[in-house]
Amino acid sequence: SEHNKKWFEEYFDIIEIDKKETLKCELCFWETTDLNNTTGSIKKHINTSSNLSCRYYFNLYFTNNVSYKYKRNILFFA
């Protein structure tokens, strides 16, 4: 109903979007949606921001938000 609307809904069209799964760097606030590292951005970020190899980084910081499949693909393409 009209009375349950928030003030901004009068002025803006609200569009809901699906949030994509991301890989977040354990050392900083950087994140990417390229979970398979097809662009090479994960390797580049890890190497330039931490001077660590991807293999060493994942051995140190492997978390639940990165499945084994993604880790395997990233290390394969690294």
Side-chain angles (χ1 to χ4, degrees):
S1 83
E2 288 286 322
H3 300 290
N4 291 335
K5 283 187 172 182
K6 303 215 187 285
W7 69 268
F8 52 83
E9 292 179 305
E10 288 288 321
Y11 305 101
F12 302 101
D13 292 327
I14 308 303
I15 301 170
E16 293 188 28
I17 59 170
D18 293 328
K19 184 164 169 65
K20 292 182 179 182
E21 187 177 2
T22 61
L23 174 73
K24 296 177 182 173
C25 179
E26 297 290 334
L27 301 173
C28 67
F29 296 108
W30 182 85
E31 67 182 298
T32 183
T33 56
D34 182 12
L35 300 177
N36 291 315
N37 198 34
T38 53
T39 64
S41 61
I42 297 170
K43 176 185 177 185
K44 183 177 180 181
H45 175 75
I46 291 169
N47 289 338
T48 58
S49 67
S50 66
N51 292 324
L52 299 175
S53 70
C54 287
R55 188 173 308 280
Y56 187 71
Y57 173 86
F58 280 112
N59 286 336
L60 285 176
Y61 300 108
F62 186 74
T63 60
N64 290 335
N65 70 336
V66 182
S67 71
Y68 176 77
K69 178 184 106 178
Y70 295 137
K71 180 182 177 186
R72 186 189 70 220
N73 288 346
I74 291 165
L75 293 177
F76 177 75
F77 291 114

- Message: The criterion is side-chain hydrogen bond (donor to acceptor under 3.5 Å, both in side chains); which residues satisfy it with Glu9, sequence neighbours excluded?
- Response: none
- Partners of Thr39 by side-chain hydrogen bond (donor to acceptor under 3.5 Å, both in side chains), sequence neighbours excluded? Asp34, Ser41
Pairwise distance [atom1]([X]) to [atom2]([Y]) - rounded to 0.5 angstrom:
X	Y	atom1	atom2	answer
Thr32	Lys20	OG1	NZ	10.0 Å
Leu23	Glu26	CG	CD	8.5 Å
Ile46	Cys25	CD1	SG	6.5 Å

- Message: For Asn47, is there any backbone N or O sitting under 3.5 Å from a side-chain donor or acceptor partner on Tyr57?
- Response: no
- Message: Please find the pair of heavy atoms, one from Ser50 and one from Leu27, that lie closest to each other, and give the distance.
- Response: CB-CD1, 3.4 Å
- Query: What are the two closest non-hydrogen atoms of Thr22 and Thr33, and how far apart are they?
  - Reply: CG2-CG2, 3.8 Å
- Contacts satisfying ring pair (Phe, Tyr, Trp, His ring centres under 6.0 Å) that involve residues 5-48 (not counting sequence neighbours) are Trp30-His45
